[in-house]
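Below: one structure, written as structure tokens.
Counting convention: from 1, in listed order, for ligands and their atoms alike. Because the structure is predicted, anything quoted here is derived from the model rather than measured.
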Amino acid sequence: MTGKRTDMIVHDSEPYNAEPPRGALVQSRLTALDTFYVRNHGPIPELDPTRWRLEVGGLVSSELTLSLADLRASFTERELDVTLQCAGNRREGLIAVRDIPGEAPWGPGATGTARWAGVSLGDVLESAGLAEGASHVEFIGADVSSEAEPPERFGASIPRRKALAGEVLLAFKMNDEPLPAAHGAPLRVVVPGYIGARSVKWLQRIVARASSSENFFQARSYRLLPGDADADAGLTGAGVPLGAVAVNADILTPDDGAEVQAGSLEVRGYAFAGDDRHVIRVDVSSTGGGSWSEAELIDEPSRWAWRRWRAQVIVAPGPVEIVARAWDSAAATQPDDPAQLWNPKGYANNAWARVSLRVAG
Ligand SMILES: Nc1nc2c(c(=O)[nH]1)N[C@H]1C(S)=C(S)[C@@H](COP(=O)(O)O)O[C@H]1N2
Ligand SMILES: [Mo]
């Protein structure tokens, strides 16, 4: 019933949380609908698309109530290829340093790239007349999460500059298909370059505000806490809310733990950098980072999408570790050691990608 491939790695069945295996992600630039990861904080709400309405309110000159038909009729349809990446992507690398109770051990599959189509948030805000004092734009979904105490609808906010930048979509299509229920039907936000948590699914309300959202998932969770903080420190608003995604990459094939033949080996993976950064280079090492060779970027540059890459390395019989790291347009690269990144909620792991292989003679 999930519409997902049978080999998904299911972290939770209720609410459904699942990622594809490494090898499935590398197949195509756009991730197939049955392969795209799902991250839910509560049960998938059942919304009747004919009765569903989007409300736009708060610091606007005219409040709006829009049906799907209104949205389609009043605003130009826009399409963008966008990579979504969960802040918890690659958390398993942090858990290997020190356990993170209560958080799923996501591998490198809590990310994917889709062709999203819908209307521009900027166009809708323009039509509502965003007030000057509206510094943040809040999104509220229809699903209720019991991770919050008391239970709360899932929500998020983004700064005004991003909300008006044009690239933020209110999407009703994914890969040219109607948006699937698991991905937020009938309408979801897509915030290119920001952590997945800001791309609110099952969107019901947009609120223009003077300050950022007080929703649990903006004000308390999805915050980067200092390494020595208590995991509950976010409940007092400590740490910083996560927004733009830092440069990251992982290896998708060969799989971690695979046995391969000695000689020339093809390694493939993805690389991504958020917001105003983009990936400029990927390096691969079979000497633990002592020496690097440059990977070939498979996908053309695309403003908001990942670039898959491939490299040939020579491997000799015995155990070998392949390492990869990406560089972005601000000359930032990934840190070597996940221990330096460890944080109590296990977010934003962008340490070097590593897979361990056994090379047969
Ligand atoms: N309403 C709602 N929106 C949500 C979530 C949610 O639980 N409820 N999860 C967020 C998180 S943490 C991520 S990473 C993305 C995942 O999008 P996907 O499930 O379509 O891959 O949706 C975001 N939007
Ligand atoms: Mo997420």
- [ ] Please work out which of the three classes, parallel, tilted or perpendicular, describes the rings of F36 and W116, given edges at 30° and 60°.
- [x] perpendicular
Task: Six-ring centre of F272, R307 cation under 6.0 angstrom, axis tolerance 45° - done: no
Open item on the list: Quick check for you: to the nearest 0.5 Å, what is the distance between E167 atom CD and L80 atom CG?
Closed with: 8.0 Å
Any protein N or O within less than 3.5 Å of an N or O in ligand 1? List each pair with its distance, or say none.
from: ligand 1; atom 1: 1 (N); to: D143; atom 2: OD1; distance (Å): 2.7
from: ligand 1; atom 1: 1 (N); to: D143; atom 2: OD2; distance (Å): 3.4
from: ligand 1; atom 1: 1 (N); to: K201; atom 2: O; distance (Å): 3.0
from: ligand 1; atom 1: 3 (N); to: K201; atom 2: N; distance (Å): 2.8
from: ligand 1; atom 1: 7 (O); to: H41; atom 2: N; distance (Å): 2.9
from: ligand 1; atom 1: 7 (O); to: H41; atom 2: ND1; distance (Å): 2.8
from: ligand 1; atom 1: 8 (N); to: D143; atom 2: OD2; distance (Å): 2.7
from: ligand 1; atom 1: 9 (N); to: R39; atom 2: O; distance (Å): 3.1
from: ligand 1; atom 1: 17 (O); to: R188; atom 2: NH2; distance (Å): 3.2
from: ligand 1; atom 1: 19 (O); to: R39; atom 2: N; distance (Å): 3.0
from: ligand 1; atom 1: 19 (O); to: K201; atom 2: NZ; distance (Å): 2.5
from: ligand 1; atom 1: 20 (O); to: H183; atom 2: ND1; distance (Å): 2.6
from: ligand 1; atom 1: 20 (O); to: R188; atom 2: NH1; distance (Å): 2.7
from: ligand 1; atom 1: 21 (O); to: Y37; atom 2: O; distance (Å): 2.7
from: ligand 1; atom 1: 22 (O); to: R188; atom 2: NH2; distance (Å): 3.4
from: ligand 1; atom 1: 24 (N); to: S199; atom 2: O; distance (Å): 3.0

TODO: Measure the spacing between CG of L54 and CD of Q204 and express it to the nearest 0.5 Å.
DONE: 9.0 Å
Open item on the list: Less than 6.0 angstrom from the centroid, inside 45 degrees of the normal: does R90 satisfy that with respect to the ring of W106?
Closed with: no
TODO: Hey, can you tell me if Y347 and Y222 have their rings parallel, tilted or perpendicular (30° and 60° cut-offs)?
DONE: parallel
